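Every value quoted in this text rests on a predicted model; they were computed, and no experiment measured them. We count ligands from 1, going down the list as the structure has it; atoms in each ligand are counted the same way. Residue numbers count from 1 along this sequence.
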Amino acid sequence: MTGMQQIVLERYCDGAPKPTDFRLETVPLPELKDGQFLVRHAWCSVDPGTRSRLSGGDSYAAALPLGKPIDGFSVGEIVESKNPDWTVGTQVFCAGGWKTHSVQSGKGFIGRVADVHGVPLSAWIGVLGVPGLTAWFGMKDVARFKSGDAVLVTSAAGPVGATAGQLAKAWGASKVVGVAGSDAKCLWLVDEAGFDAAINYKTVADLDAAIAREFPKGVDVLFDNVGNAMVNRVLPLMAMHGRICISGQVADYNLPAEQTPGIVNTKPFITHRVNMQGLVVFDFARGFPEALSTMAGMIASGALKTQEERFRGIAAMPEAFCGLFRGENTGRRVVDVSA
Ligand SMILES: NC(=O)c1ccc[n+]([C@@H]2O[C@H](COP(=O)([O-])OP(=O)(O)OC[C@H]3O[C@@H](n4cnc5c(N)ncnc54)[C@H](OP(=O)(O)O)[C@@H]3O)[C@@H](O)[C@H]2O)c1
């Protein structure tokens, strides 16, 4: 085979992303230089954080130029190598992008897939990829979770949120409550993932009152995946020395800066000594192997529940991505790009 397929940015997104903002193209397979190897992707992921690079202006990551392949995570097999440390046949996960193949050098976000009984290959770009690592380091190092904490997680049924809540439970939380956008998601969080309670923010009459009822002594840890309006409403409910981990801002990614809600409930930073800190998961790369091997064991033993939605064919990637912003995903969305 001499060609590969990739999805590129056709036009900058205005508001919610649309499939027409993307284009599928076929390009020649690149020639490898010394030290490089070619990975044939089996699965690629779609990630809400990608949206922050698609408006044409810089966000926490630089804007993606038009015509460039979209970023994402991939898992697959090395099919050609000019690097003696990475041999043909090795299964790897990497930041491969929305492509059928990627050229890697062994630097950056890449690792070997460990063969763990009961863990599917696609999990290495799911809970054993960036979402699980975000949950692990966000809860442990950014929120500085301690046993006995009462924890609130938003976008709780997504792969980051569901993992963050389950890790908190496993590490001794006194209570874990999730906020999610459908009754089915809330049911899964309580019945399968072991959350103590879940609140459907789309149907509850008074979300602030519902959260306050669940946390009579206040929220010790807010693990927020949603954005400023959510943080603003939970701030007055924080406990003394409460901690807020800003993991993601899915409600804000589609908004221009001037329309992003402000955070005005700042008094608890003083009165309750609340601490708020943002997270870039790659800052914790040194700890990835230990976190991954522990979470792989938890998945294999059934201690960590995951949900995955599978799509077929690289052409499905734009639609799979756009659905994230309509709340359509049930857990991690992965695409079989070999189909
Ligand atoms: N900081 C880091 O290093 C890092 C790394 C990876 C990911 N993240 C962030 O972690 C967050 C969670 O990622 P994920 O992969 O697990 O995705 P996810 O939570 O599954 O994201 C999609 C979900 O977000 C919710 N959502 C969409 N639009 C919304 C809106 N306007 N208001 C409220 N909720 C909305 C929907 O769930 P509902 O049905 O519940 O509304 C949707 O199903 C993302 O914000 C992502 O950017 C951060």
Are Asp47 and ligand 1 in contact, using a heavy-atom cut-off of under 4.0 Å?
->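 No, that is not the case, since the closest heavy atom of the residue is not under 4.0 Å from the ligand.
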
Is the closest heavy-atom distance from Tyr201 to ligand 1 below 4.0 Å?
->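 Yes.
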
Backbone or side chain, does any N or O of [X] fall under 3.5 Å from an N or O of ligand 1?
X      : result
Gly181 : yes
Ser182 : no
Lys185 : yes
Asn329 : yes
Val226 : no
Val160 : yes

Neighbour count above 12 (heavy atom, 6.0 Å) for [X] [atom1]:
X      : atom1 : value
Asp206 : CG    : yes
Lys68  : NZ    : no
Arg286 : CZ    : no
Asp208 : CG    : yes

Should you measure from each heavy atom of [X], which atoms of ligand 1 turn up under 4.0 Å away?
X      : answer
Leu324 : 22 (C), 23 (C), 27 (C), 42 (C), 43 (O)
Gly248 : 9 (C), 45 (O)
Gly49  : 47 (O)
Gly327 : 36 (C), 39 (O), 42 (C), 43 (O)
Ala180 : 40 (O)
Val280 : 3 (O)
Ala251 : 30 (C), 31 (N), 32 (N)
Ser247 : 1 (N), 2 (C), 4 (C), 8 (N), 9 (C), 10 (O), 48 (C)

Taking [atom] as the point of reference, which of [options] owns the nearest heavy atom?
atom                    : options                : value
atom 24 (O) of ligand 1 : Ser155, Ala16, Gly126  : Ser155
atom 17 (O) of ligand 1 : Gly158, Ser45, Pro48   : Pro48
atom 45 (O) of ligand 1 : Asn225, Asn254, Ile246 : Asn225

Does the distance from a Lys or Arg side-chain N to an Asp or Glu carboxylate O, for Arg332 and Glu308, drop under 4.0 Å?
->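 Salt bridge absent between Arg332 and Glu308.
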
Thinking salt bridges, do Lys175 and Asp196 make one under a 4.0 Å N-O criterion?
->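 Looking at Lys175 and Asp196, the cut-off is not met.
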
Does the side chain of Asn225 pick up a donor-acceptor pair with the side chain of Ser247 at under 3.5 Å?
->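 On atom types as modelled, these side chains qualify, holding a pair under 3.5 Å.
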
Would you check if there is a donor-acceptor pair between the side chains of Asp336 and Ser338 at a distance under 3.5 Å?
->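 Indeed, the side chains of Ser338 and Asp336 share at least one donor-acceptor pair under 3.5 Å.
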
For ligand 1, does [X] get within less than 4.0 Å through its side chain, its backbone, both, or neither, judged by non-hydrogen atoms?
X      : answer
Tyr253 : side chain
Pro159 : both
Val130 : side chain
Gln249 : backbone

Assess the pair Trp98 and Phe22: is the distance between their ring centroids shorter than 6.0 Å?
->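 Close enough - the centres of the two rings lie under 6.0 Å apart.
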
Among Asp47, Thr134, Val281, Val250, side chain to side chain contact (heavy atoms under 4.5 Å, CB included) partner for Val160 =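 Exactly one candidate clears the test, Thr134.
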
Which residue, Phe223, Phe288, Phe282, Phe145, forms the ring-ring contact (aromatic ring centres under 6.0 Å, His included) with Phe137?
->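 Testing each of Phe223, Phe288, Phe282, Phe145 against Phe137, the sole residue satisfying ring-ring contact (aromatic ring centres under 6.0 Å, His included) is Phe288.
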
Mind listing the closest non-hydrogen atom pair of Gln104 and Gly96 along with its distance?
->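 Gln104 and Gly96 have their closest heavy atoms at NE2-CA, 3.9 Å.
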
So which heavy atom on Phe215 is nearest to which on Val151, and how close?
->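 In terms of heavy atoms, the two residues are closest at CZ-O, 3.4 Å.
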
Think Arg112 forms a cation-pi with Trp124, using NZ or CZ under 6.0 Å from the six-ring centre and within 45 degrees of its axis?
->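 Relative to the ring axis of Trp124, which defines the angle, Arg112 lies outside at least one limit.
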
